[in-house]
Each structure stands twice: as structure tokens, then as C-alpha cells.
Amino acid sequence: MDLKALILNCTLKKSPQPSNTQGLIDMVTAHFDELGVEHETLRPIDFEIPFGVVSDMGEGDEWPKILEKVLAADILIIGMSIWFGVRNSVSQMVIERLDGTYNTTNDVGQYPLYNTVGGVIVTGNEDGAHACAETTLFNLTHLGCAIPPNADTYWVGDAGPGPSFLEAGGRDHPYTQKTAKWMSHNVTHLARILTQHPIPPEGNTVPGWQPDECRGHDDRMPAGHVG
């Protein structure tokens, strides 16, 4: 079974600068390779993405290029670094732009991220990983994503300023190795289930939605409708 995973590396560093978050992402994608999951990693910072809460903000907005890949993925992983104990500005912006999907549906009237499996990757040189993961996973559930057990992996250093993931040898940390493996396997397992048994629309369609065959010839789809 072919599965596609999209990883959004919300580092503050543009390519090709070294990214600590990418270091942990690479551990996760190595497991995806073993599991036969096709994957792609993008850095939103490499694109022109204005702040907003709609899916397309007009001329010059490159978010729709990323959103197209998000909607085509079976697995969506958001990677981020910690700043001042919370997720960084790029990851916050990504969640805000994903808010625009509330204005669209899939072909059975659910939010378009239904049956997409979510996960989170976090790096930092001190505290904040739990706060970043819990907030982001909660956001993803409200957008329609399904979250399996142990759907996050993280690495943080000692309290206070110090070396980050790459410099500190974070790849060798037993807990990070364990959670990277758990997350990779669990998001893959749930994605395989949902491709065969998607969440049925009964009881969770967007209010006012009607199937295409019930619409009059003069009815209009909402802008950006993906159904």
C-alpha cells in the first residue's frame, strides 16, 4: 500500500542552512523508508507566505503550493523549534494558514484534512517540547486530522543556553530514538487503517453541506472547494 507523508520543517532557517529540526526529521524519515512510506520535506520559510487565515491570499502568496501537497498527503508531520518555551513563529503561521481549510470540504462534506494522520516533531535547547506538541496536536485534531498514540517525538537540551540537537549529538539520545520510532510506526499504522476504513461522514459533515447531485445548476461551490 502506497502512503504519502508530508513533513513541514518549520525551522527559522532557509535552505540550505543546517537545521536542528531537520536532524530529527531525518530520523523519522529513515523509519518511513523502512516502512515503505513515500515522503517529502518542505521548509515553509523558503516560500513567500503572508500571515493570514485563508487558503489563498492572492498574488504572490505561495501557500497554495504547499496546501496542495498537504491535501494530497496521508500523513502530515509538523516539525518545529522552540522559542521562549513555545512553538516558533513559522509553525504558528502554518497552523493559522491551515485554518483556511475550514472553508472547504472533501467530497463527503467533511473538513478536507479528515482521514489525514498528524504528528509533531520538536527540537530545542531547553524546556517547552510538551507545550509545543500538545498545542499543535490539538490544533490538528480540530482541523480534521486523526492522531494515534505517541504521535510526537522531541529532543531538548539542558536548561538554559547550550548546544542544540546537531551539536549535542541528539541522534544518540535513547528517548528520542524510541519516540521517533514509535511516532513513525504509529502514524503509518493509522494511515493504513484510514485508507481502507475512512471516518464515515455520518454525524460530522459541515453544516449546510450538500452532495453535488443535490445542488441546483445555479448553486456555487465555496471558493477553493476540494470536493
May I ask you to decide if the ring planes of Y175 and H173 are parallel, tilted or perpendicular, using 30° and 60° as cut-offs?
->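 It falls in the perpendicular class, over 60°.
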Should the pair F165 and W155 be assigned to parallel (<30°), tilted (30 to 60°) or perpendicular (>60°) ring geometry?
->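 Perpendicular, since the angle between the ring planes exceeds 60°.
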Side chains of [X] and [Y]: closer than 4.5 Å at any heavy-atom pair?
| X | Y | value |
| --- | --- | --- |
| D26 | T41 | no |
| I49 | I66 | yes |
| D127 | V156 | no |
| E126 | I82 | no |
| M183 | N150 | no |
| N9 | S19 | yes |
| V90 | T11 | no |
| I95 | M80 | no |

Atom [atom1] of residue position [X] - does it have more than 12 heavy atoms of other residues, nucleotides or ligands inside 6.0 Å?
| X | atom1 | value |
| --- | --- | --- |
| N204 | CG | yes |
| Q17 | CD | yes |
| K4 | NZ | no |

What are the two closest heavy atoms between [X] and [Y], and how far apart are they?
| X | Y | answer |
| --- | --- | --- |
| T116 | A73 | OG1-O, 3.7 Å |
| D61 | P50 | OD1-CD, 3.3 Å |
| S184 | L35 | O-CD1, 3.8 Å |
| R43 | K13 | NH1-O, 2.9 Å |
| V120 | A133 | CG1-CA, 4.1 Å |
| G118 | I147 | O-CD1, 3.6 Å |

According to a 4.5 Å side-chain heavy-atom criterion applied to Ile, Leu, Val, Met, Phe, Trp and Tyr, with indirect links allowed, do [X] and [Y] form part of one hydrophobic cluster?
| X | Y | result |
| --- | --- | --- |
| V53 | M57 | no |
| L8 | F51 | yes |
| F138 | V86 | no |
| L143 | I199 | yes |
| V94 | L137 | yes |

Indicate whether the side chain of S81 and that of T21 have a donor and an acceptor atom separated by less than 3.5 Å.
->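 Judged by distance alone, the side chains do not pair up.
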Do R87 and T135 have side-chain atoms, one donor and one acceptor, less than 3.5 Å apart?
->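 Judged by distance alone, the side chains do not pair up.
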Check whether [X] reaches the backbone of [Y] with its side chain - one donor and one acceptor, N or O, closer than 3.5 Å.
| X | Y | value |
| --- | --- | --- |
| N88 | C10 | yes |
| R171 | L24 | no |
| N20 | L166 | yes |

Derivation of the side-chain contact (heavy atoms from CB on, under 4.5 Å) call for L71 and L113 = CA-CA 7 Å; L71 297 177; L113 286 178; 4.2 Å; yes
Rounded distance [0.5 Å steps], [atom1] in [X] versus [atom2] in [Y]:
| X | Y | atom1 | atom2 | result |
| --- | --- | --- | --- | --- |
| I121 | M27 | CD1 | CE | 9.5 Å |
| N186 | H189 | CG | NE2 | 8.0 Å |
| W63 | M93 | CH2 | CE | 7.5 Å |
| N115 | H197 | CG | NE2 | 12.0 Å |
| F32 | I77 | CZ | CD1 | 5.0 Å |
| E48 | K65 | CD | NZ | 9.5 Å |

Does the pair I45 and L12 meet the rule for a side-chain contact (heavy atoms from CB on, under 4.5 Å), with working shown?
-> CA-CA 6 Å; I45 196 71; L12 303 182; 5.7 Å; no
Can T105 and T205 be said to form a side-chain contact (heavy atoms from CB on, under 4.5 Å), step by step?
-> CA-CA 9 Å; T105 67; T205 54; over 6 Å; no
Derivation and outcome, side-chain hydrogen bond (donor to acceptor under 3.5 Å, both in side chains), residues D74 and T195 | CA-CA 8 Å; D74 303 294; T195 57; over 6 Å; no
Keeping to residues at least two apart or across chains, list the ring pair (Phe, Tyr, Trp, His ring centres under 6.0 Å) pairs with something in residues 98-132.
->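 Checked against ring pair (Phe, Tyr, Trp, His ring centres under 6.0 Å) - neighbours excluded - the pairs reaching residues 98-132 are Y102-Y111, H130-Y154.
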Please walk me through it: do L140 and I78 pass side-chain contact (heavy atoms from CB on, under 4.5 Å)?
-> CA-CA 10 Å; L140 290 175; I78 299 184; 4.0 Å; yes
